Novice: 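Take a look at this one; I'll ask things after.
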Amino acid sequence: MGHEVRYRVRGGRRLHGTVFIQGAKNAVLPMIGASLMASKGRTVLRNVPIIEDVRRAVELARAVGAKAELHEAERTLVIDASELDSPVLPADIAARFRGSFLFVPALLHRLGEAVIEGVGGCNLGSRNLDFHYNGFKRLGATVTEQMGANGAGQIHIKAGDLRGGTLYCDTPSHTGTENLIMAAALARGTTLIKNAALEPEVLDNIALLQAMGARISGGGTGFVTVEGVGELSAVEHTVMPDRIDTGVFVMAAAITGGDLNLVGANLEHLGVAADKLEQMGLEFHQQGAVLQVRRERGLRPINVITDEYPGFATDLQSPIMALSCLADGPSYIYERIFDGRFKLADELTKMGADIEVNGNRAKVNGPGSLRGAEVEAHDLRCGSALVLAGLAAEGETTITSAYYLDRGHAHTAERLSQLGAEITRETD
Ligand SMILES: CC(=O)N[C@H]1[C@@H](OP(=O)(O)OP(=O)(O)OC[C@H]2O[C@@H](n3ccc(=O)[nH]c3=O)[C@H](O)[C@@H]2O)O[C@H](CO)[C@@H](O)[C@@H]1O
Ligand SMILES: C=C(OP(=O)(O)O)C(=O)O
């Protein structure tokens with residue numbers, strides 16, 4: 001995993017000022033996969049978040065033969081995929097982020113096969129890929145498991161003759177929908193995908209693919225139709241703002257009683273989370289591409305049920321658990337998407353929180369106060385929630401295993417410091 005990353009936060013500062021919301025992690029990753037489908041030209045992605053998952057995706061694009069240049073200061077990624085030469089997604093890179101699996105459709109179309117040595121992502125309990133595999137098979141691919149040279153299992157997907165068909169997701173899987181759309185984009189004939197995901201990032205990726213020449217309709221309706229085309233061209237595209245980064249900064253204002261201007265944020269993308277945060281006591285004012293948020297009264301307790309978009313995003317469940325520790329009464333959280341996303345509760349307990357977990361339900365007994373402690377980020381959103389808790393805690397909080405946080409949030413310490421927080425990032 002490389003060096004240990006730690007964040008140190010001293011709580012008690014009210015945050016105030018203007019912050020730039022990064023481009024969306026969960027939009028740019030499928031876009032990097034999509035850009036590998038263009039057999040000539042250079043794809044230019046703008047507003048790219050400078051996060052570890054993007055760095056891994058760039059390494060992975062190079063491992064399969066693409067030329068990829070990440071211009072960090074310009075937040076621009078340039079990809080030339082004219083000469084892909086390896087179908088293997090090597091474990092040492094691919095097992096570090098979930099988005100690696102979004103490279104599969106490009107490898108199937110360009111090289112006729114994909115070899116998966118590992119798929120990463122946050123450890124949130126069971127994270128199956130059966131909707132992806134079943135969909136690829138329905139398009140004509142074969143999926144087999146074999147033993148690799150190093151003794152570890154490998155999944156081999158062979159494209160065969162990819163033809164359109166009727167596909168479905170049992171539940172509207174985010175990356176599942178993206179992978180099936182990309183696999184269908186260059187398949188012969190028409191594909192219908194039922195129960196497709198509605199997330200804004202899925203729609204942004206459809207917009208990119210359409211600009212590349214793909215024929216896709218029905219995005220945002222749950223039924224997506226893809227008419228296969230012969231080739232896709234490299235284009236320029238600006239990545240949408242990250243709604244989870246937005247939610248975390250909204251909650252940074254909430255937990256410190258601050259007021260912030262979030263440049264690039266879109267309140268609509270928060271779905272039900274916006275309403276829940278209003279119920280807790282936040283005030284929002286969207287002015288063009290700037291979202292103003294402030295809290296001037298006490299935090300009220302909340303009832304949260306995670307759901308697919310536009311329901312309450314599971315990626316904001318951990319941050320709101322941290323926030324609800326300070327609410328004036330008990331809050332109830334029901335995690336419906338992932339069965340292992342409550343490791344945060346033990347860490348918040350070390351900071352003085354009172355949380356009861358029962359399966360996928362948690363009761364946060366507010367009002368309480370938080371005190372600084374040494375805590376561990378078990379996954380990305382656990383990391384952002386612990387930073388929020390640290391901002392409100394008395395004394396110093398040290399967050400270890402914080403590579404996870406860096407997987408999804410860019411320049412966390414710098415952006416929070418500019419708003420008045422006392423936070424530093426350290427590496428061994
Ligand atoms: C890179 C990326 O975009 N990651 C996001 C994506 O993850 P990801 O795309 O992995 O999440 P999914 O929407 O696929 O998963 C949702 C649920 O469906 C289940 N499932 C999914 C696929 C499948 O083939 N079989 C199956 O059973 C999963 O186990 C999970 O319980 O959506 C999640 C839910 O919004 C977010 O938390 C992640 O940040
Ligand atoms: C679960 C997450 O990401 P991934 O799917 O990349 O693990 C996340 O962003 O919180």
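All of these numbers come straight from a predicted model, not from anything done at the bench. Every number for a ligand or one of its atoms is a count from 1 in the order of the listing.
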Novice: Which of these, Tyr133, Phe131, Tyr309, Phe97, has its nearest heavy atom closest to atom 24 (O) of ligand 1?
Specialist: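 Checking each option, the heavy atom nearest atom 24 (O) of ligand 1 is found in Phe131.
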
Novice: Checking the side chain of Glu69 only, and the main-chain atoms of Val78 only, is there a donor and an acceptor separated by less than 3.5 Å?
Specialist: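 Not confirmed, Glu69 side chain does not pair with Val78 backbone.
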
Novice: For Phe101, check ring pair (Phe, Tyr, Trp, His ring centres under 6.0 Å) against everything at least two apart and list the hits.
Specialist: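 His132, Tyr133.
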
Novice: Just which atoms of ligand 1 are under 4.0 Å from any heavy atom in His132?
Specialist: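 Listed by number with element, the hits are 24 (O).
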
Novice: Would Arg381 count as being in polar contact with ligand 1, using the rule that some N or O on each side must be under 3.5 angstrom apart?
Specialist: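 Among all N and O atoms of Arg381, none is under 3.5 Å from an N or O of ligand 1.
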
Novice: Numbering the atoms of ligand 1 from 1, which are under 4.0 Å from a heavy atom of Asp130?
Specialist: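 In order of numbering, the contacting atoms are 23 (C), 24 (O), 25 (N), 26 (C), 27 (O).
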
Novice: I'd like to check which ligand 1 atoms, numbered from 1 as shown, lie under 4.0 Å from a non-hydrogen atom of Asp315.
Specialist: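 Near Asp315, meaning under 4.0 Å from one of its heavy atoms, ligand 1 has 36 (C), 37 (O), 38 (C), 39 (O).
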
Novice: Between Arg407 and ligand 2, does any nitrogen or oxygen pair lie at a separation below 3.5 Å?
Specialist: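 The answer is yes, given that Arg407 and ligand 2 share an N or O pair closer than 3.5 Å.
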
Novice: Under a 3.5 Å threshold, yes or no: a donor from one side chain and an acceptor from the other, between Thr314 and Arg341?
Specialist: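 There is such a pair between these side chains.
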
Novice: Is it true that Arg10 and Glu396 have a side-chain N and a carboxylate O under 4.0 angstrom from each other?
Specialist: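 Yes.
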
Novice: Which atom names give the shortest non-hydrogen contact between Gln146 and His156, and what distance separates them?
Specialist: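 That closest heavy-atom pairing would be OE1-NE2, 3.3 Å.
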
Novice: With a 4.0 Å heavy-atom cut-off (strictly under), which part of Phe338 contacts ligand 1: side chain, backbone, both or neither?
Specialist: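 The part of Phe338 near ligand 1 is the side chain, not the backbone.
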
Novice: Quick one about Thr400 and Glu374 (side-chain donor to acceptor, distance below 3.5 Å, no hydrogens or angles considered), yes or no?
Specialist: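 No, no side-chain donor-acceptor pair sits under 3.5 Å.
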
Novice: For ligand 2, which atoms, with element, lie under 4.0 Å from some heavy atom of Arg381?
Specialist: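 Going through ligand 2 atom by atom, the ones under 4.0 Å from Arg381 are 8 (C), 9 (O), 10 (O).
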
Novice: Counting only heavy atoms closer than 4.0 Å, does ligand 1 sit against the backbone of Arg98, its side chain, both, or neither?
Specialist: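 The answer is the side chain of Arg98.
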
Novice: Please state which option from His174, Lys25, Arg98, Arg341 has its nearest heavy atom closest to atom 3 (O) of ligand 2.
Specialist: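 Shortest heavy-atom distance from atom 3 (O) of ligand 2: Lys25.
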
Novice: Any nitrogen or oxygen of Glu178, main chain or side chain, under 3.5 Å from a nitrogen or oxygen of ligand 1?
Specialist: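 No.
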
Novice: Out of Thr171, Thr314, Val202, whose heavy atom sits nearest atom 18 (O) of ligand 1?
Specialist: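 The residue whose heavy atom sits nearest atom 18 (O) of ligand 1 is Thr171.
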
Novice: Please set out all donor-acceptor pairs under 3.5 angstrom arising from side-chain atoms of residues 235-244, sequence neighbours excluded.
Specialist:
unit_1, atom_1, unit_2, atom_2, d
Glu236, OE2, Arg46, NE, 2.5
Glu236, OE2, Arg46, NH2, 3.2
His237, NE2, Asp204, OD1, 3.0
Asp242, OD1, Ile244, N, 2.9
Asp242, OD1, Asp245, N, 3.0
Asp242, OD2, Gln22, NE2, 3.3
Asp242, OD2, Lys25, N, 3.0
Arg243, NE, Glu201, OE1, 3.3
Arg243, NE, Glu201, OE2, 2.7
Arg243, NH2, Glu201, OE1, 3.0

Novice: Measure from atom 21 (C) of ligand 1 to every heavy atom in Asn128, Leu380, Asp379 and give the option owning the shortest one.
Specialist: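 It is Asn128 whose heavy atom sits nearest to atom 21 (C) of ligand 1.
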
Novice: Hey, is Thr175 touching ligand 1 through its side chain, its backbone, both or neither, going by heavy atoms under 4.0 Å?
Specialist: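 For Thr175, the contact with ligand 1 is made by both the backbone and the side chain.
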
Novice: If you measure from each non-hydrogen atom of Ile337 to ligand 1, which part falls under 4.0 Å: side chain, backbone, both or neither?
Specialist: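 Both backbone and side chain of Ile337 come within 4.0 Å of ligand 1.
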
Novice: Report the distance from atom CE of Met31 to atom CE of Met212, rounding to the nearest 0.5 Å.
Specialist: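 Interatomic distance, Met31 CE to Met212 CE, rounded to 0.5 Å: 10.5 Å.
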
Novice: Assess whether a salt bridge exists between Arg55 and Glu72, defined as any Lys/Arg side-chain N lying under 4.0 Å from an Asp/Glu carboxylate O.
Specialist: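 Yes, this pair counts.
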
Novice: Can you find an N/O atom of Glu199 closer than 3.5 Å to an N/O atom of ligand 1?
Specialist: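 Looking only at distances, the answer is no, because the N/O contact criterion of under 3.5 Å is not met.
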
Novice: Salt bridge check: are Arg407 and Asp379 linked by an N-O gap of less than 4.0 Å?
Specialist: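 Not counted as a salt bridge, because no side-chain N and carboxylate O are separated by less than 4.0 Å.
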
